[in-house]
*Asks:* 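Take this structure, written in structure tokens, and hold onto it; I'll ask about it next.
Quantities reported herein were computed from a predicted structural model and do not represent experimental measurements. These numbers come from the heavy atoms of this one structure, side chains and all, not from hydrogens, waters or symmetry mates.
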Amino acid sequence: QIWERFINPDHWEPYPEAERVLGVLRKSGYKVGVLSNWGTGLMKILDSRGLVKMLDFVIISAEVGIEKPGADIFKLAAKQAGVGIENLLHVGDHPEADFHGARAAGAQAVLVGRKRGEGVDDDMVLGNLREIFLILWEDRYGRYGKRPKPSDAEGQREVLRMWGEE
């Protein structure tokens with residue numbers, strides 16, 4: 001009964017900004033995917049929330065037989081995205097599996113949410129998915145340019161305007 005409740009799509013909600021962020025990323029030419037240490041029920045959840053159509057690929061550990069934090073699953077994600085591992089940006093919520101695993105594989109990584117872990121700097125933890133645009137802004141324009149601050153509402157609006165969203 002617990003398992004049935006756990007895999008029931010009605011009990012899962014994506015981050016409120018997820019659909020908008022995924023749409024902007026894809027419109028901007030980025031490949032977007034899900035890389036998860038989950039079972040095959042994840043596809044049903046993603047589909048029920050309308051997210052599958054917004055993704056270029058979905059990698060589920062139970063289907064591919066490898067899992068995070070192992071390097072092979074991040075390399076598979078890079079291959080699916082059509083980029084070198086050094087150009088993969090992995091956004092996750094678990095310090096060890098997502099952040100350290102991706103970094104050890106040679107990918108870029110940030111965490112979303114409030115979890116901080118050993119060896120994760122505060123500037124690598126995003127408060128919400130919209131802050132991904134700040135990371136991409138730095139990638140485009142350099143870390144030491146005029147960078148909007150994640151906590152600055154005007155800064156976030158500036159980044160969203162740059163991406164054509166406000």
*Asks:* With hydrophobic residues grouped by side-chain heavy-atom distances under 4.5 Å, do Val24 and Val52 end up in a single group?
*Replies:* yes
*Asks:* Do Phe74 and His90 have ring centres separated by under 6.0 Å?
*Replies:* yes
*Asks:* When rounded to the nearest 0.5 angstrom, what is the spacing between CG in Leu55 and CZ in Arg26?
*Replies:* 7.0 Å
*Asks:* Can you tell me how far CD1 of Ile66 sits from CG of Asp72, rounded to the nearest 0.5 angstrom?
*Replies:* 5.0 Å
*Asks:* Can you tell me if Glu86 uses its side chain to pair, donor with acceptor, with the backbone of Ala107 under 3.5 Å?
*Replies:* no
*Asks:* What is the minimum heavy-atom distance between Ala109 and Ala102, and which atoms define it?
*Replies:* CB-CB, 3.7 Å
*Asks:* Counting C-beta onward and ignoring hydrogens, is there a side-chain heavy-atom pair between Gln80 and Asp56 closer than 4.5 Å?
*Replies:* no
*Asks:* Which distance, rounded to the nearest 0.5 Å, do you find between the CG of Leu42 and the CG of Asn37?
*Replies:* 10.5 Å
*Asks:* Could you see if Ile73 belongs to whatever hydrophobic cluster contains Val58? Use Ile, Leu, Val, Met, Phe, Trp, Tyr and a side-chain cutoff under 4.5 Å.
*Replies:* no
*Asks:* side-chain contact (heavy atoms from CB on, under 4.5 Å) with Glu131: which of Leu126, Val112, Val21?
*Replies:* Leu126
*Asks:* Is the closest side-chain heavy-atom distance between Met54 and Val32 below 4.5 Å?
*Replies:* no
*Asks:* Hey, any chance Leu88 and Tyr30 share a hydrophobic cluster, counting ILVMFWY side chains that come within less than 4.5 Å of each other, even indirectly?
*Replies:* no
*Asks:* Could you measure the distance from the CD1 atom of Ile45 to the CG atom of Leu51? Nearest 0.5 Å is fine.
*Replies:* 11.0 Å
*Asks:* Determine, using the 4.5 Å side-chain heavy-atom cutoff (strictly less than), whether Phe99 and Val34 are members of one ILVMFWY cluster.
*Replies:* yes
*Asks:* Using 0.5 Å steps for rounding, measure from the CG atom of Leu76 to the OG atom of Ser61.
*Replies:* 11.5 Å
*Asks:* When you group the ILVMFWY residues by side-chain heavy-atom contacts below 4.5 Å and let the links chain together, are Val83 and Val110 in the same group?
*Replies:* no
*Asks:* Can you tell me how far the CG atom of Asp98 sits from the NZ atom of Lys68, to the nearest 0.5 Å?
*Replies:* 3.5 Å
*Asks:* Is there side-chain contact between Phe57 and Leu35, with heavy atoms separated by less than 4.5 Å?
*Replies:* no
*Asks:* Quick one: does Leu111's side chain get under 4.5 Å of Pro95's, heavy atoms only?
*Replies:* yes
*Asks:* Would you call Thr40 and Glu63 a side-chain contact if the rule is heavy atoms closer than 4.5 Å?
*Replies:* yes
